[in-house]
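Note on naming: letters A, B, ... go to the chains in the order of the sequence lines (proteins, then strands), and numbering restarts at 1 for each one.
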Amino acid sequence: MRIAMLGFGSVGRGIAEAVSTKDLGLTITALADSRSAVIDADGIDIRDVLQRKRETGLCGDPAITADDVIGSGVYDVLVEVTPTNADSGEPALGYITRALASGKHVVTSNKGPIALRYDALMQQAASSNVQLRYEATVCGAIPLIQALEMGLAGNTINGLHGVFNGTCNYILTRMTDEGLSYSQALLEARELGYAEADPTYDVKGIDAAIKLVILANSIWGLNVSLKDVDITGIDSLTTDALALAEELDCTIRLIGEIIPEKRVLKVSPRILSKDHPLVVRDTLNAVTVETDMAGEVTLIGRGAGSRETASAIISDILFIRDCYVERT
Amino acid sequence: MKLEMKDKPGQLIAALKPISDVGGNIMAIIHQRDPAAAPGDTVDVQIMLEIPETKLESLVGTLKTQGVNVVRIGEERLLIRRSVILIGHIMHTDLTDTVDRIDSSGLAEVAELGMVMPAINEPSSAKITLKSASLGEMGRAIDLLRNVATEKDLLVIEPLEGYP
Ligand SMILES: NC(=O)c1ccc[n+]([C@@H]2O[C@H](COP(=O)([O-])OP(=O)(O)OC[C@H]3O[C@@H](n4cnc5c(N)ncnc54)[C@H](OP(=O)(O)O)[C@@H]3O)[C@@H](O)[C@H]2O)c1
């Protein structure tokens, strides 16, 4: 199956590497970064492009654009992995809309468009008779959406809570283990590449809240936006507070929580018993889903990273291929 | 709770052991023997104990298999405990008032207070343990504490429901 990809950063390169080194039956026929693009209906030589990107910073020809890639028509699925804009969703929102309008399936890791326009995009996909999948937007490699849609089909989902931000989880782990101050732990997370230069989105709980918005709208159709989430970050936590929690045989984690029945949509630091399944270490993510038949189901795994996010994208692509493309 | 058991050696131990087995905390035992009772008659024993609400049913079951009858379970008050952590300028925003407002609400009592004093002007952290008679009242007491905290610009870190 042929894929066109917009974005050739950490996630895009992870996908390209997996496609070129594993026998997945996928071919990349078009690719764009912010300043160039390459289109080849016979399949792009990925090793070539990776090297060119490394050496020149461009993946292709500066005269070709992302829009040309979308309009090229030489693909079955558009993979959209450009940077997230949580306010406008652009340029990804426009890219996704155009691909759907031309009858192409879309797979994205981009939280912006999905959090802002879930209903409209899904309706558009349905009326074009194509799929829009977004597993990678929430909890990276954890197959959460797949589990909710397929694995737990037939269950009533009563709520969920979990650790949705690996950066915060890393900081809290280090503050607990080593007694580091918040700013020391943040500095360390930055040096290790776990935190962005501007860590505001992560540490203020906004990233976790965006993921809750996606889940609230997609699982329960709550039609909420970021302003509906009650958000408290970890940036005013003290090492003393973690030590006090320790006295209770507990610790503190940044927990995102949705309980539709009680209208709870909240991100906040919470006290949890140390042996609670959501008390995961370092950059891990974890989610507990509460269901009527299956009871509580907890999924734990890596919430970010080049290969890990590629894993979620590829599983969405293969799902589309196996269920929608090759069936016809 | 009030128990009824056979007046013979070893019976009291048989009643107490299951309590500690489920993690209960025995606070007092009142053992009244009727001087006129004949050997083999039953005696009444009152035990004051603290156990998690969820363990109560299995405890009553175990006691029964030991030949101990539970005559009455007193709905003792203030059995539910919840600890929260506060961060901010806790002293400067009148800690006594914060505690008073919980205590005087009739919803819960501040049972414990642990505080860490950091460097001057740095926010301090405190652990407050509340005791309440029911989950409903505890919930309202925590709502109240949350409001007081907002007013005083303190951060409240609450347990994830059901813990600790
Ligand atoms: N990294 C993770 O672990 C992770 C996990 C889950 C979700 N995500 C999401 O996945 C997406 C990609 O993340 P990333 O870490 O790969 O980001 P990244 O390393 O910053 O890469 C972004 C890529 O998009 C390209 N790009 C920027 N603007 C573009 C435009 N207008 N048109 C076409 N391409 C454009 C960039 O081009 P240049 O190369 O020319 O700069 C770059 O190749 C983001 O939305 C992110 O939130 C990431």
Side-chain angles (χ1 to χ4, degrees), chain A residues 158-163 168 172 175-176 179 181-183 204-205 230-259 261-262 264 266-280 286-288 290 296 298, chain B residues 23 25 52 54 80-93 95 98 110-131 135-136 138-143 145-164:
Chain A
N158 295 322
L160 59 78
H161 45 276
V163 171
C168 291
L172 295 174
M175 287 173 76
T176 311
S181 71
Y182 165 76
S183 32
K204 293 219 175 271
D230 176 4
I231 311 173
T232 309
I234 62 161
D235 50 331
S236 45
L237 280 194
T238 57
T239 318
D240 294 336
L242 283 152
L244 288 169
E246 190 96 6
E247 288 175 11
L248 297 163
D249 230 358
C250 288
T251 189
I252 297 175
R253 286 292 186 264
L254 186 70
I255 299 293
E257 186 178 20
I258 310 178
I259 314 171
E261 199 180 56
K262 296 189 191 163
V264 173
K266 180 169 163 178
V267 173
S268 59
R270 302 289 276 275
I271 305 172
L272 287 88
S273 164
K274 273 195 208 151
D275 54 18
H276 190 283
L278 292 182
V279 178
V280 290
V287 194
T288 299
E290 283 163 44
E296 288 193 353
T298 300
Chain B
N25 178 26
T54 51
I80 292 163
R81 296 168 78 97
R82 284 276 183 286
S83 296
V84 303
I85 291 174
L86 296 180
I87 301 175
H89 293 290
I90 297 166
M91 293 298 275
H92 296 295
T93 55
L95 180 60
T98 305
V110 175
E112 265 176 61
L113 187 69
M115 181 131 175
V116 184
M117 295 296 277
I120 294 172
N121 289 331
E122 293 271 296
S124 43
S125 312
K127 180 182 71 187
I128 293 191
T129 303
L130 304 183
K131 274 178 140 190
L135 284 173
M138 180 61 85
R140 278 154 57 211
I142 290 184
D143 286 345
L145 180 59
R146 204 184 294 131
N147 290 340
V148 174
T150 309
E151 196 182 291
K152 299 184 174 185
D153 202 18
L154 305 174
L155 171 65
V156 190
I157 305 175
E158 294 170 41
L160 189 61
E161 208 158 326
Y163 305 88

Okay, Thr232(A) and chain B: the region with an atom under 4.5 Å from a heavy atom over there is side chain
If one checks every heavy atom of Ala243(A) against chain B at 4.5 Å, the contacting part turns out to be neither
Taken in chain and number order and not counting sequence neighbours, the residues that satisfy side chain to side chain contact (heavy atoms under 4.5 Å, CB included) with Glu151(B) are Arg101(B)
Is there a side-chain contact between Ile157(B) and Leu237(A) (heavy atoms, below 4.5 Å)? yes
To the nearest 0.5 Å, atom CD of Glu112(B) lies from atom CD of Glu247(A) at 9.5 Å
- Query: Taking C-beta and beyond as the side chain, do Thr238(A) and Val116(B) meet within less than 4.5 Å on heavy atoms?
  - Reply: no
Minimal heavy-atom distance between Leu155(B) and Ser236(A), with the atoms involved, is CD2-OG, 3.7 Å
Taking atom CG of Asp153(B) as the centre, report whether more than 12 heavy atoms of other residues, nucleotides or ligands fall under 6.0 Å from it.
no
One option among Pro123(B), Ala126(B), Ser125(B) has the most heavy-atom pairs under 4.5 Å with chain A, and it is Ser125(B)
**Prompt:** Do Leu160(B) and Arg253(A) touch side chain to side chain, with heavy atoms closer than 4.5 Å?
**Reply:** no
Residue from Ile252(A), Asp240(A), Asp249(A), Leu278(A) scoring the most non-hydrogen pairs under 4.5 Å with chain B is Asp240(A)
When the 4.5 angstrom heavy-atom criterion is applied to Ile255(A) and chain B, the contacting part is side chain
So, the part of Ile85(B) with a heavy atom under 4.5 Å from chain A: the answer is both
Hits for side chain to side chain contact (heavy atoms under 4.5 Å, CB included) against Asp235(A), two or more places apart or cross-chain, chain-then-number order -> Tyr182(A), Val203(A), Lys204(A)
